[in-house]
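Report on the structure given below.
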Amino acid sequence: MTASAWSLLASFLVVLLLLAWPVGKFLAALCDERVPRWMQRIEAPLYKLAGTQPGQSMHWLTYALALLAFNAVGAIFLYALQRLQGWLPLNPAAMGAVSPDSAFDTAVSFVSNTNWQGYGGESTMSYLTQMLGFTVQNFFSAATGIAVAFVLVRGFARRGDGKSRGLVGNFWADLTRITLWLLVPLSFVLALFFVGQGAIQNFDGYKTVHTVEATAFQQPKNGADGQPLKNGKGEPVMENATTRTQTLAMGPVASQEAIKMIGTNGGGFFNANSAHPYENPTALSNLLQMLAIFLIPAALCFAFGRVVGDMRQGWAVLAAMAVMFVVAVAVIIPAEQAGNPLFGALGVDQISSALQSGGNMEGKEVRFGIDASALFAAITTAASCGAVNAMHDSFTPIGGMVPMVLMQLGEVVFGGVGSGLYGMLIFAMLAVFIAGLMIGRTPEYLGKKIEVREMKLISITILVTPILVLAGTAVAVMAGAGKAGIANPGAHGFSEILYALSSAANNNGSAFAGLSANTPFYNGLLGLAMWLGRFAVIVPVLAIAGSLAAKQRLPVTSGTLPTHGPLFVSLLIGTVLLVGLLNYVPALALGPVVEHLVLWK
């Protein structure tokens, strides 16, 4: 990596820590249910309307059923909104009803915090669908993930008597407080910043404008694309600018962009996502978007340390995440800076200079360049966000493999809001179990014994997504409908399918867009992967939390494994890599590894 790349990474991490510390303190207060009286007075009418009492703690199963019911209703509502949008208001471009399979896939996508998009937002969805459907679910899906993290942290923090019923908190209170006091204020401030940078926020109709410059083309013949007309000097012939027009999509973009990043959602208002200047206008807005993606996942580590009464535990989890993230960035940026060897063989200059960005600039914005584009790719896939400011399908084989691997690790390298922390804590419990086997002691984590029940649930939690990814990929590469969506033959086509299933099952949402996935086959397959990848993981996590909450908290003894030092951080990283990655090594060998070897032979 170049000095400028290291400087960008270091600056990003320093600013992130400075912002995450106070947010973590507030998150700890929400997790501990320490809410000021004035907030309680504002919340009271909402609880009365819902028929619940915020102080009434739920059994983990009741909590899980409430969570599943709420998200199921959200999915049904979002599906209906898409199917009926042609008859609803706030539709200046007269968008028609979305097809049943696409509406199903999209509804599941936004409810599960995946935001996989098989459509172009500006050419498919009305303003009402974008706001009342997608933006609202961006808030609720993010709040759901944070609520589950709160429950697991409470399971460690509470001193059970061994006979309690595993009470873990009130889902409706958690959802309300996280949305009302965390996500809405942060999104409001960030949306104002984006508007100040140039992101649009309006309800105007789409605008038809004259292009500044238009190249004249030959008339296509026999179905072939027309070639640019040239004069006798070989220069392109320009048409009269008044004869060429372009339609510019408008809409309430900045408000959706803010929660898209803060909630690690990722779904763009426009098809180009954060590469579109209306969503991501400047280098400064690009930096703030990256910080917003990591803000809550990093802050939750600090909140975890505060709630369990030992800040060193939060620092240990954060350190493990940061080390894996830095290694990923140190691989992806040089891979993109190296460029394409096939261009080098043709004598194409790919060296960075004052006149050009250099490296592999295919699919990247010149205003961001290699460093900011590759860093964004690592952040968005490490954090289960899925927003993109460059085309991942155009990355080099190794550059494209890094985002894929970050997803396949289980989205625990910072991860999504809430899901990153509870995913990493699952691996932490597995790490202490492995350590306990090696030293012949009953494994403990934060004073709670990790026993047979917990290990069974941990095994289910860890194995759900690899099964979905690998089985789904196998089905797609064997089925005719699956192979029909591949735009590129060979290893890269396989990588496109593997990336899609990795993204869906791990609730990321980014894509190797060369795969034509907006078909009944892929909409059904990916929709199922997204739903199970989200909720078949959440339910076992809630069960673990309920079991831990009922356990007595044991005192620390000389035989207790320290879970806050460099040794444990190393053990945790090793467990994530060993368990999270080994499942995918054969599949990676068939895709990006083979493609790299062929390209760099």
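For Glu365, the side chain to side chain donor-acceptor pair (under 3.5 Å) test picks out Arg367, with sequence neighbours left out. The ring-ring contact (aromatic ring centres under 6.0 Å, His included) test applied to Tyr522 returns no partner, not counting sequence neighbours. Annotation: salt bridge (Lys or Arg N to Asp or Glu O under 4.0 Å) contacts of Glu362 (sequence neighbours excluded): none. Legend: residues meeting ring-ring contact (aromatic ring centres under 6.0 Å, His included) with Tyr499, ordered by chain and number and at least two apart, are Phe512. Applying the ring-ring contact (aromatic ring centres under 6.0 Å, His included) rule to Trp60 yields no partners; only residues at least two apart in sequence or on another chain are considered. Judged as a side chain to side chain donor-acceptor pair (under 3.5 Å), and not counting sequence neighbours, Lys448 has no contacts. The ring-ring contact (aromatic ring centres under 6.0 Å, His included) check on Trp21 picks up Phe302, with sequence neighbours excluded. Residues satisfying the salt bridge (Lys or Arg N to Asp or Glu O under 4.0 Å) criterion with Arg453, sequence neighbours excluded, are absent altogether.
Remark: the backbone N or O of Val417 is paired with a side-chain donor or acceptor of Thr264 at under 3.5 angstrom. Using a distance-only test at 3.5 Å, with no hydrogens or angles considered, a donor-acceptor pair links the side chain of Gln117 to the main chain of Gly268. In terms of modelled atom types and a separation under 3.5 Å, the side chain of Asn71 and the main chain of Ser141 share no donor-acceptor contact. Using modelled atom types, one side-chain atom of Asn273 and one backbone atom of Val388 make a donor-acceptor pair closer than 3.5 Å. Judged by distance alone, the side chain of Ser503 and the main-chain N or O of Ser510 form a donor-acceptor pair under 3.5 Å. Thr380 contributes no side-chain N or O that, together with a main-chain N or O of Phe376, makes up a donor-acceptor pair within less than 3.5 Å. Listed for the Arg158 side chain is no donor-acceptor partner under 3.5 Å among the backbone atoms of Ala550. One N or O on the side chain of Thr461 and one on the backbone of Leu457 form a donor-acceptor pair closer than 3.5 Å. Between the side chain of Arg553 and the backbone N or O of Gly447 there is no donor-acceptor pair closer than 3.5 Å. Judged by distance alone, the side chain of Asn508 and the main-chain N or O of Met407 form no donor-acceptor pair under 3.5 Å.
Around CE of Met324, the count of heavy atoms belonging to other residues, nucleotides or ligands within 6.0 Å exceeds 12.
Residues Gln313 and Thr563 have side chains that bring a donor and an acceptor to within less than 3.5 angstrom of each other. Asn115 and Asn138 are linked by a side-chain donor-acceptor pair at a separation below 3.5 angstrom, with hydrogens and angles left out of the test. Donor-acceptor pairing under 3.5 Å is lacking for the side chains of Asn280 and Ser274. Using modelled atom types and a 3.5 Å distance limit, the side chains of Asn340 and Gln350 yield no donor-acceptor pair. Side-chain contact, Ser384 with Asn113: no donor N or O sits under 3.5 Å from an acceptor N or O. Gln137 and Asn265 share no side-chain donor-acceptor pair at under 3.5 Å. Looking at Gln289 and Glu257, their side chains do bring a donor and an acceptor atom within 3.5 Å of each other.
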- Message: As a quick check of understanding, evaluate side-chain contact (heavy atoms from CB on, under 4.5 Å) for Phe325 and Phe294, giving each step before the final call.
- Response: CA-CA 11 Å; Phe325 171 69; Phe294 267 11; 3.8 Å; yes
- Mind running side-chain contact (heavy atoms from CB on, under 4.5 Å) on Phe395 and Ile332 for me, showing each step along the way? CA-CA 9 Å; Phe395 278 31; Ile332 189 173; 3.8 Å; yes
- Worked check of side chain to side chain donor-acceptor pair (under 3.5 Å) between Gln408 and Asn506: CA-CA 7 Å; Gln408 291 168 348; Asn506 289 284; over 6 Å; no
- Item | Worked verdict on Leu291 versus Leu295 for side-chain contact (heavy atoms from CB on, under 4.5 Å) | CA-CA 6 Å; Leu291 288 168; Leu295 177 60; over 6 Å; no
- CA sep, side-chain torsions, deciding dist, call: Val537, Ile462, side-chain contact (heavy atoms from CB on, under 4.5 Å): CA-CA 8 Å; Val537 170; Ile462 290 175; over 6 Å; no
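Contacts classified as ring-ring contact (aromatic ring centres under 6.0 Å, His included) and involving residues 419-444 (residues at least two apart or in different chains) are not found. Under the ring-ring contact (aromatic ring centres under 6.0 Å, His included) criterion, the residue pairs touching residues 531-553 are Trp531-Phe535, with sequence neighbours excluded. Under the salt bridge (charged side-chain N to carboxylate O under 4.0 Å, His left out) criterion, the residue pairs touching residues 315-340 are Glu336-Lys364, with sequence neighbours excluded.
Atoms CZ and CG, from Phe150 and Asp174 in turn, are 7.0 Å apart once rounded to the nearest 0.5 Å. Atom CE of residue Met530 and atom OG of residue Ser109 lie 4.5 Å apart, to the nearest 0.5 angstrom. Between atom CG of residue Asn389 and atom OG of residue Ser373 there is a gap of 4.5 Å, rounded to the nearest 0.5 Å. Note that OG of Ser502 and CD1 of Ile497 are 11.5 Å apart. Values are rounded to the nearest 0.5 Å. Atoms CG and CD1, on Leu190 and Ile259 in that order, are 9.5 Å from each other to the nearest 0.5 Å. Interatomic distance, CG of Asn488 versus CG of Leu515, reported as 9.5 Å (0.5 Å rounding).
A heavy-atom distance below 4.5 Å is found between the side chains of Phe521 and Val475. Contact check for Leu599 versus His596: no side-chain heavy atoms found under the 4.5 Å cut-off. Looking at heavy atoms from C-beta onward, Leu300 lies out of side-chain contact with Val153 at the 4.5 angstrom threshold. A heavy-atom distance below 4.5 Å is found between the side chains of Leu183 and Ile296. Cys385 has its side chain within reach of Met261: a pair of non-hydrogen atoms, C-beta onward, lies under 4.5 Å apart. Side-chain contact between Val23 and Leu19 is absent, with no heavy atoms from C-beta onward closer than 4.5 Å. His492 is listed as a side-chain neighbour of Asp393, based on a closest heavy-atom distance under 4.5 Å. Side-chain contact between Met424 and Glu411: absent, with no pair of heavy atoms (C-beta onward) separated by less than 4.5 Å.
Counting all heavy atoms, side chain and backbone alike, Ile333 lies closest to Ala374 at CG1-CB, 3.6 Å. Contact between Met404 and Ser495 at its shortest, heavy atoms only, is CE-O, 4.0 Å.
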With a cut-off of 3.5 Å and sequence neighbours excluded, list every side-chain donor-acceptor pair involving residues 575-590.
from   : atom 1 : to     : atom 2 : distance (Å)
Thr575 : OG1    : Leu571 : O      : 2.8
Asn583 : ND2    : Val579 : O      : 3.0

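Salt bridge Lys456/Glu451: absent, no basic N to carboxylate O contact under 4.0 Å.
The aromatic rings of Tyr445 and Phe568 sit parallel, their planes meeting at an angle under 30°, below the 60° perpendicular limit.
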